[in-house]
Amino acid sequence: MKFIPQHSKKARLLSQALARSLDIDTFAANNAVALMYGHSRWTVLCKAMLNGQPSMWDEQITLDEVDARQTILIERLRDGLSLDDNASRTLVQHLKPTAQAKSQVVAINQRPAGPGGSPVEDYNAITEAFGKIGNAPNPDAVLGGLLKEAMGTAGETLPADFDFDKLSDRLRVAKPVDPGAYFDILQSLGWPLDESSFEQDYVTGEPSFFAESQTGHVPVYITALAMIPEDDNDALAQAAMVQTEADNRDNMGTERLILLWSQPVVKVIDGAGYSYWGCLWQDGQWRDFLINGEMDCADRLFALNPPGQTANRPSRSQADPDHDLAKAVVIFLHGLQAQREQVKMATIPTPSGWETLLPSLQ
């Protein structure tokens with residue numbers, strides 16, 4: 001049984017009620033709702049709500065059909081969150097997942113079983129130092145020294161078996177991603193976005209929200225990586241593109257998608273400033289995209305970044321004068337909007353001529 005609610009608000013309120021009933025996070029509740037409805041995860045449910053035929057509410061079908069639905073919903077919720085039968089049945093009775101009636105919060109003492117595992121290694125304290133190593137011939141060695149120094153200052157030592165191999169790559173993917181910041185940035189540029197599809201909790205390789213367009217909704221993926229355009233040797237970036245394309249093929253099935261890197265990088269070409277921020281996928285092909293304030297929707301972004309045009313050979317219509325938009329994006333992502341006038345913007349150069357923006361307060 002696959003269920004598609006007639007209003008996306010129903011799924012959102014149902015998820016909120018489930019999260020409060022079990023004291024679980026939004027991500028877990030969203031995916032539990034999707035599983036109850038017969039979809040593999042929340043973003044797949046969102047796509048179904050955007051494009052699929054809505055199902056009938058319980059109030060529109062027979063009592064026998066309602067009972068059959070209830071049995072399936074109880075089993076799916078039980079299995080999806082490792083609950084016992086009584087807890088799952090009580091939740092379904094109060095949450096009313098397939099009815100027009102309002103979902104009611106009910107306190108359930110049983111906590112869902114969660115995956116085990118050790119805490120994620122936290123490298124955030126030295127990510128700025130990582131940005132400042134420039135073009136060091138052995139960045140892993142430089143980073144290892146910085147990490148040892150930072151730990152020593154804190155009165156701690158690294159474990160004897162700490163793995164320094166590919167430390168620079170591991171740092172690149174350690175940066176936290178806040179999908180809401182990217183959603184707010186695009187919305188402030190005038191982009192029509194589907195709010196019901198917004199995913200508060202970031203999941204690598206899955207869309208964080210959908211942009212509206214004339215050709216259908218376009219999934220927007222985000223990655224913690226920053227990338228220099230046309231760098232075919234960047235294995236992590238290439239892997240992110242492969243993972244994104246595979247998810248879209250297997251779960252979204254859209255003709256176009258947008259992949260945002262963690263923040264824009266900038267370059268002056270023929271006296272004009274340009275800001276590179278991600279990749280577009282269309283007709284089975286990837287291409288880099290530049291961005292400026294004129295690109296106020298997904299359709300304009302695709303139109304002003306046509307196939308065959310590269311980031312290093314742009315047109316003037318793609319220019320971001322003085323990198324104004326890129327700077328505003330970086331300030332917003334670092335949470336420095338209130339201190340905008342006090343921000344000093346440094347740059348980290350690369351051999352390609354593209355530079356990473358690094359804000360600091362004066």
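Excluded from the calculations below are hydrogen atoms, water molecules and symmetry mates; all remaining heavy atoms, backbone and side chain alike, are included.
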Heavy atoms of Cys279 and Trp261 approach each other most closely as SG-CZ2, 3.8 Å

State, to 0.1 Å, how close Thr26 and Gln200 come at their nearest heavy-atom pair, and which atoms those are.
OG1-OE1, 4.0 Å

Go through the structure and list residues passing side chain to side chain donor-acceptor pair (under 3.5 Å) with [X], not counting sequence neighbours.
X: Glu245; value: Trp281, Trp286
X: Asp58; value: Arg69, Thr98
X: Lys267; value: Asn312
X: Asn251; value: Asp247

Any side-chain heavy-atom pair from [X] and [Y] closer than 4.5 angstrom?
X: Thr347; Y: Leu358; value: no
X: His334; Y: Gln263; value: yes
X: Val92; Y: Pro97; value: yes
X: Leu259; Y: Met241; value: yes
X: Val343; Y: Ser360; value: no
X: Leu260; Y: Thr223; value: no
X: Gln282; Y: Glu255; value: no

Taking only residues at least two apart or on different chains, which pairs with a member in residues 189-216 satisfy ring pair (Phe, Tyr, Trp, His ring centres under 6.0 Å)?
Phe183-Phe198, Phe183-Phe209

Distance col, row Gln187:CD vs Leu193:CG, nearest 0.5 angstrom, shows 5.5 Å

Value for CG (Asp201) from CD (Glu206), rounded to nearest 0.5 Å, stands at 11.0 Å

Any link between [X] and [Y] through a network of hydrophobic side chains (Ile, Leu, Val, Met, Phe, Trp, Tyr) touching at under 4.5 Å?
X: Ile24; Y: Leu95; value: yes
X: Leu77; Y: Met1; value: yes
X: Phe332; Y: Trp277; value: yes

Flag the pair Arg256 and Asp299 as a salt bridge only when some basic side-chain nitrogen lies within less than 4.0 angstrom of an acidic carboxylate oxygen.
yes

Quick one: do the [X] and [Y] side chains pair a donor with an acceptor below 3.5 Å?
X: Gln309; Y: Arg287; result: no
X: Asp288; Y: Thr310; result: no
X: Gln93; Y: Gln104; result: no
X: Asn292; Y: Gln318; result: no

Can you sort out the partners of [X] under ring-ring contact (aromatic ring centres under 6.0 Å, His included), two or more places apart, ordered by chain and number?
X: Phe289; result: none
X: Tyr221; result: none
X: Tyr274; result: none

Could you work out, with side-chain contact (heavy atoms from CB on, under 4.5 Å) as the rule, every residue matching Pro192, not counting sequence neighbours?
Glu212, Cys297

With sequence neighbours left out, what residues match Arg78 under side-chain contact (heavy atoms from CB on, under 4.5 Å)?
Glu75, Asp85, Ser88

Salt bridge (Lys or Arg N to Asp or Glu O under 4.0 Å) against Asp194, all qualifying residues, sequence neighbours excluded
none

Return the set of residues passing salt bridge (Lys or Arg N to Asp or Glu O under 4.0 Å) with Glu355 (not counting sequence neighbours), or none when no residue passes.
none

